[in-house]
Amino acid sequence: MRAVDLIRRKRDGGELSAAEIGFLVEGLTDGIVPTYQWAALAMAIVWRGMTTVETAALVRSMLHTGTVLDLGDIPGPKVDKHSTGGVGDKTSLILAPIVAACGVTVPMVSGRGLGHTGGTLDKLESIPGFRIDLDLTAYRRIARECGLVLIGQTAEIAPADRVLYALRDATATVESIPLITASILSKKLAEGIDSLVLDVKTGDGAFMSRVEDARALAESMVSIGRAMGKPVRAILTSMDAPLGRTVGNALEVRESVECLRGEGPADLMEVSLELAAEMLLLGGVAENRAAALDRCRQSIANGSALDRFRRVVAAQGGDPGVCDDPLGVLPRAMRLETVRAERSGFIGQFKAWSVGQASMLLGAGRATAEDSIDPAAGIVLVKTVGDHVAAGDVIAELHFNPPFAAALPAALEMVARAVEILPSPVRRPPLILGRLG
Ligand code: URA
């Protein structure tokens, strides 16, 4: 087999066999197929696409470049959730303890934030002492003891994806449904899960801004998951406005603790509970959606979800006091500036992309994968879509530390521009846009 012949075939719209895809993926990992050939192949895949059979072969090959964990020795169902990413999306921190408290183990391998979107690992690392770089022995132990574990991708999990994702990032080949499907599923199926719930986001702040594209991605992941013998369900959710009231790592942990205490904002609770309920259904511990939602709500009301969070924070080296006194335990920014309403009216839009960008400028996110972040920085939405404001009311707070002060004027302008104030009342559009699988 020669890589050049396979690239040519894909370039001309032909199909690759499972053996050929395996050769290319293994070749990438062991250096036999150089990255420049994979760059050309990735571009050919962006243009020509892949059949379901080819995509499944790509997932399988990428998955088997690393360790595929077997958590069969942990009793009960094991279900994870993956989100395609958004602004203010802290649902993992809320739903993982809820689902664990309801009897389903959540072994979660997450990523960092990039660009305007946040990442679960950065949020968790804002808890003093919290470690996400655990080895697979600790991963198993904590999953068994706490019912949930939250770590970063290790060198053993889908190594082909690490190389390929960096290559795609640098060659404008991220936007391909088969390549995204393979990237996400190869990592998630290595975790040792029985089934997976996907939160596929669409709208202004999402990676897929058009709902048709988000649906096509969801369909691809559901059907490939099924072809590989893993039940996968997807929920399409809106990412036009940030989820909840906070954007930025420590701020989002504080809001997640509030949600686990039953004091969370309605939009964030709605999405978190929908996803959690879907996980209970896939795990087979609830008969229908109403019963699943009820169990999730009970786990908050009786404190068992917060207790799971406290246990996992302590098990992963973090300060469990974050559950009792988040303001006292989490880092806080030294400076705060506000954005005020220019006129009276109702907030029609609070555009997620601009809020995410502004938060990144203040140090809460990274422009390149190598950047470091400030865990205390971020934005609090004092008002959100549907709220009434009088002229001069505070709409948003910008939290930042002195090294990022130079970015303040640009961040203030971005947040001000993200808000649209309308003369008549506005209803927040639906957050749950569809279900697949
Ligand atoms: N997230 C991933 O993990 N991979 C992609 O290709 C895109 C988003």
Side-chain angles (χ1 to χ4, degrees), residues 88-98 100-101 106-114 117-135 137-139 141-143 145-154 244-261 263-264 268 272 303-336 359-360 362-366 369-380 397-404:
D89 178 11
K90 70 272 303 167
T91 56
S92 292
L93 271 62
I94 303 161
L95 62 80
I98 292 177
V106 185
M108 195 178 264
V109 179
S110 301
R112 296 196 178 277
L114 187 59
T117 63
T120 301
L121 299 183
D122 298 324
K123 299 180 215 287
L124 290 167
E125 280 186 332
S126 72
I127 303 172
F130 196 101
R131 292 198 43 206
I132 52 90
D133 57 342
L134 303 179
D135 62 25
T137 310
Y139 172 82
R141 179 178 52 77
I142 296 170
E145 286 171 6
C146 299
L148 72 160
V149 58
L150 307 148
I151 66 162
Q153 194 179 349
T154 69
R245 298 299 188 110
T246 60
V247 178
N249 301 291
L251 293 169
E252 293 192 45
V253 171
R254 191 183 84 199
E255 191 175 30
S256 303
V257 170
E258 284 163 7
C259 290
L260 291 170
R261 286 178 176 170
E263 298 155 8
L268 176 56
S272 304
S304 56
L306 185 63
D307 182 54
R308 290 287 173 154
F309 191 59
R310 192 190 313 277
R311 276 158 65 179
V312 80
V313 168
Q316 296 196 214
D319 182 345
V322 71
C323 297
D324 310 299
D325 177 20
L327 267 179
V329 167
L330 292 165
R332 277 197 279 170
M334 290 164 72
R335 291 191 54 192
L336 190 154
S359 168
M360 185 178 82
L362 296 175
R366 43 174 85 71
E370 290 75 35
D371 290 350
S372 59
I373 57 158
D374 178 349
I379 297 173
V380 175
E397 294 171 356
L398 277 59
H399 295 236
F400 61 101
N401 280 314
F404 291 90

ask   = By side-chain hydrogen bond (donor to acceptor under 3.5 Å, both in side chains), which residues pair with S92, not counting sequence neighbours?
value = K81
message = If the condition is side-chain hydrogen bond (donor to acceptor under 3.5 Å, both in side chains), which residues does R254 pass it with, not counting sequence neighbours?
response = none
ask   = Is the closest side-chain heavy-atom distance between I127 and V253 below 4.5 Å?
value = yes
key: Heavy-atom pair of closest approach, residues A250 and A376   = CB-CA, 4.4 Å
Close side-chain approach of R141 and V149, heavy atoms under 4.5 Å = no
key: Heavy-atom pair with the smallest gap, counting every atom of F400 and L362   = CB-CD2, 4.0 Å
request  = Heavy atoms only: give me the nearest G147-A100 pair and the separation to one decimal.
outcome  = O-CB, 3.4 Å
query = If only atom types and distance count, is the side chain of R308 paired as donor or acceptor with the main-chain N or O of C146 below 3.5 Å?
reply = yes
Distance (rounded to the nearest 0.5 Å) between R131 CZ and L150 CG = 14.5 Å
query = Is any side-chain heavy atom of C259 less than 4.5 Å from a side-chain heavy atom of L268?
reply = yes
ask   = Given side chains that start at C-beta, do those of V329 and P128 come closer than 4.5 Å, heavy atoms only?
value = yes
Test item: D133 and I151 side chains (from C-beta on) under 4.5 Å apart, heavy atoms = no
task = To the nearest 0.5 angstrom, please state how far the CZ atom of R261 sits from the CG atom of L306.
result = 7.0 Å
From OG (S304) to CZ (R310), nearest 0.5 Å = 11.5 Å
query = Sub-3.5 Å donor-acceptor pair from the side chain of N401 to the main-chain atoms of P403, do we have one?
reply = no
inquiry  = When you measure from the side chain of S256 to the backbone of E252, do you find a donor-acceptor pair of N or O atoms at a distance under 3.5 Å?
reply    = yes
note = Rounded to the nearest 0.5 angstrom, the CZ-CG distance for F404 and D374 is 5.5 Å
inquiry  = Any side-chain to backbone donor/acceptor pair from K123 onto L121? Under 3.5 Å, distance only.
reply    = no
inquiry  = Contact between V109 and Y139 at the side-chain level, heavy atoms closer than 4.5 Å - yes or no?
reply    = yes
query = About how many Å separate CG of D89 and OG of S272, when rounded to the nearest 0.5 Å?
reply = 8.0 Å
ask   = How far apart are the C-alpha atoms of T154 and D135, what are their side-chain angles, what is the distance that settles it, and do they pass the side chain to side chain contact (heavy atoms under 4.5 Å, CB included) test?
value = CA-CA 7 Å; T154 69; D135 62 25; over 6 Å; no
inquiry  = With rounding to the nearest 0.5 angstrom, report the CG to CD1 distance, L336 to I379.
reply    = 11.0 Å
remark   = Hits for side chain to side chain contact (heavy atoms under 4.5 Å, CB included) against I373, two or more places apart or cross-chain, chain-then-number order -> D122, N249, R366
request  = Answer whether the closest heavy-atom distance between the side chains of E255 and L251 falls below 4.5 Å.
outcome  = no
query = So, are E258 and R245 salt-bridged, with charged N and O less than 4.0 Å apart?
reply = no
request  = Output yes when a side-chain donor or acceptor of E397 lies under 3.5 Å from a complementary backbone atom of V380, and no otherwise.
outcome  = no
inquiry  = Quick one, I98 and L260 - any side-chain contact, counting heavy atoms below 4.5 Å?
reply    = yes
key: Minimum heavy-atom distance A305-P97, with the two atoms named   = O-CB, 3.2 Å
request  = Mark yes or no for whether D324, through its side chain, and P326, through its backbone, hold a donor-acceptor pair below 3.5 Å.
outcome  = no
task = Determine yes or no for a side-chain-to-main-chain donor-acceptor pair under 3.5 angstrom, with R332 supplying the side chain and H399 the backbone.
result = no
